[in-house]
Amino acid sequence: MSRKPLGEFTRPTQVTLAAVLQVRDSVLEVLLWQRAREPFKEAWALPGGVLAAHETLEASIRRHLATKVDLAGVAHLEQVSTYGDPDRNPVGWEIATAYLGLVPLGVDPSVPDDTSWHPVDDLPPTAFDHGAIIHSARDRLRGKISYTNIGFALAPATFTLTELRDVYAAALGYDVSATNLKRVLLRRGAIEATGGRRDPGRTGGRPAEEFAYSVQTLEVTDPFATLRPPE
């Protein structure tokens with residue numbers, strides 16, 4: 001495929017992309033759509049598109065996301081990075097600004113037929129540099145989950161500690177102790193008991209205590225804290 005030559009006054013096209021992540025069946029997954037034309041026909045790509053005239057970057061990605069996912073299901077959206085390699089698009093010079101979007105556990109946004117969820121750690125063939133962008137978004141999430149309350153955007157409105165532990169384990173990529181997680185998040189004031197109890201169901205035992213995030217917007221809860229994988 002031929003590439004357009006870059007003239008002296010050529011300017012790049014500006015696009016916005018979003019890596020929308022959700023924990024589904026205890027696996028961190030990303031929303032992708034399958035391209036119907038070249039370049040990268042039938043490869044999987046992140047939702048996004050060209051920045052319109054007089055449009056902010058965030059307005060652009062929200063507009064493009066609205067064609068692929070119900071935006072009411074996206075609990076958090078933040079800019080991750082900008083990708084400006086002149087060779088990232090084989091057709092022409094294109095600069096991409098990438099966003100991280102998060103959907104809470106249990107929410108099932110409606111998506112079109114060409115769009116589906118895929119495990120972040122087992123991606124299908126992806127278009128352009130979208131695989132690297134997805135992993136950068138995953139790494140941003142893993143970093144922020146250690147020192148902010150960003151878990152609010154991955155967890156349901158109310159949850160048991162077991163449910164929250166599973167969300168954290170999927171996001172971080174390693175097992176997490178529910179007891180330690182409770183101690184850390186309560187000490188930081190990130191979560192609070194709702195007073196509710198969850199019916200144990202057929203398994204029996206004591207009803208599980210319900211919790212909720214204290215704040216439903218992003219806050220730094222401990223700038224010096226980290227959650228590390230076991231040695």
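- Between Val69 and Thr115 there is no side-chain heavy-atom pair separated by less than 4.5 Å.
- Under the 4.5 Å side-chain heavy-atom criterion for ILVMFWY residues, a single connected hydrophobic cluster contains both Leu46 and Leu141.
- Annotation: the span from Asp139 atom CG to Ser81 atom OG amounts to 11.5 Å, rounded to 0.5 Å.
- Sorted by first and then second residue, the salt bridge (charged side-chain N to carboxylate O under 4.0 Å, His left out) pairs involving residues 101-110 (not counting sequence neighbours) are Arg24-Asp108.
- Between Gly48 and Ile61 the shortest heavy-atom distance is CA-CD1, 4.2 Å.
- Checked by atom type and distance alone, the side chain of Ser136 pairs as donor or acceptor with a backbone atom of Ala132 at under 3.5 Å.
- Summarising the geometry of Tyr99 relative to Leu57, their closest heavy-atom pair is OH-CB, 3.3 Å, with the distance given to 0.1 Å.
- Side-chain contact between Trp33 and Val111 is absent, with no heavy-atom pair separated by less than 4.5 Å.
- Within the model, atoms CG of Leu185 and CD1 of Ile191 stand 5.0 Å from one another, a figure rounded to the nearest 0.5 Å.
- No donor-acceptor pair closer than 3.5 Å links the side chain of Asp25 to the backbone N or O of Val27.
- The shortest distance between side-chain heavy atoms of Leu164 and Leu181 falls below 4.5 Å.
- One distance of note links OG1 of Thr126 with CD of Gln34; it measures 12.5 Å at 0.5 Å rounding.
- Residue Val20 is not grouped with residue Leu218 when hydrophobic side chains (ILVMFWY) are merged at heavy-atom distances under 4.5 angstrom, including chains of intermediate members.
- Across all their heavy atoms, Ala170 and Leu28 have their closest contact at O-CB, 3.6 Å.
- In terms of heavy-atom proximity, Val103 sits nearest to Pro109 at CG1-CG, 4.1 Å.
- Proximity of Glu78 to Arg140: side-chain heavy atoms (C-beta onward) are separated by under 4.5 Å at one or more points.
- In terms of hydrophobic clustering, with Ile, Leu, Val, Met, Phe, Trp and Tyr side chains grouped at heavy-atom distances under 4.5 Å, Leu17 and Leu65 are assigned to different clusters.
- Under a hydrophobic-cluster definition in which Ile, Leu, Val, Met, Phe, Trp and Tyr are linked whenever side-chain heavy atoms come within less than 4.5 Å, directly or via other members, Leu172 and Val30 are assigned to the same cluster.
- Among all heavy-atom pairs drawn from Phe159 and Ala155, the shortest one is CD2-CB, 3.9 Å.
- Of the possible donor and acceptor atoms, one in the side chain of Arg142 sits under 3.5 Å from a partner among the backbone N and O of Ala171.
- Taking the side chain as every heavy atom from C-beta outward, Phe128 and Asn89 approach each other to under 4.5 Å.
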Please assess Glu210 against Arg197 for the test salt bridge (charged side-chain N to carboxylate O under 4.0 Å, His left out), listing each intermediate value before the final yes or no. CA-CA 5 Å; Glu210 280 190 338; Arg197 295 276 176 175; over 6 Å; no
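- Here the side chain of Thr148 pairs a donor or acceptor atom with the backbone of Lys144 at under 3.5 angstrom.
- Rounding to the nearest 0.5 angstrom, the gap separating the CH2 atom in Trp44 from the CG atom in Leu31 is 9.5 Å.
- The side chain to side chain donor-acceptor pair (under 3.5 Å) analysis of residues 151-167, with sequence neighbours excluded, yields the pairs Glu163-Arg198.
- Rounding to the nearest 0.5 Å gives a distance of 5.0 Å between CG of Leu51 and OG of Ser60.
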Applying side chain to side chain contact (heavy atoms under 4.5 Å, CB included) to Val107 and Gln22, what does each step give before you reach the verdict? CA-CA 9 Å; Val107 174; Gln22 183 183 29; 4.2 Å; yes
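- Annotation: side chain of Asn149 is in contact with side chain of Val215 (closest heavy-atom distance under 4.5 Å).
- Looking only at side-chain heavy atoms (C-beta outward), Lys182 and Glu209 come within less than 4.5 Å of each other.
- With Arg138 contributing its side chain and Leu21 its backbone, the two residues share no donor-acceptor pair below 3.5 Å.
- Contact check for Pro125 versus Phe40: no side-chain heavy atoms found under the 4.5 Å cut-off.
- A donor atom on one side chain and an acceptor atom on the other are not found under 3.5 Å apart for Tyr83 and Thr97.
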Before giving the answer on side chain to side chain contact (heavy atoms under 4.5 Å, CB included), spell out for Phe152 and Leu102 the whole-Å C-alpha distance, their side-chain angles and the decisive distance to 0.1 Å. CA-CA 9 Å; Phe152 81 87; Leu102 299 176; over 6 Å; no
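- Of all heavy-atom pairs spanning Gly151 and Tyr213, the tightest one is CA-OH, 3.3 Å.
- A salt bridge is absent between Arg35 and Glu42: the closest approach of a Lys/Arg side-chain nitrogen to an acidic carboxylate oxygen does not fall below 4.0 angstrom.
- Expressed to the nearest 0.5 Å, how far NE2 of His76 lies from CG of Leu154 amounts to 9.5 Å.
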Evaluation steps, side chain to side chain contact (heavy atoms under 4.5 Å, CB included), between Leu32 and Ile134: CA-CA 10 Å; Leu32 300 174; Ile134 293 165; 3.8 Å; yes
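- Formation of a donor-acceptor pair under 3.5 Å by the Trp93 side chain with backbone atoms of Arg11 is not found in this model.
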Would Lys68 and His64 satisfy side chain to side chain contact (heavy atoms under 4.5 Å, CB included), going step by step from the backbone distance to the final call? CA-CA 7 Å; Lys68 293 295 181 184; His64 289 298; over 6 Å; no
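- Under the 4.5 Å side-chain heavy-atom criterion for grouping Ile, Leu, Val, Met, Phe, Trp and Tyr, Val74 is not connected to Leu105 through any hydrophobic cluster.
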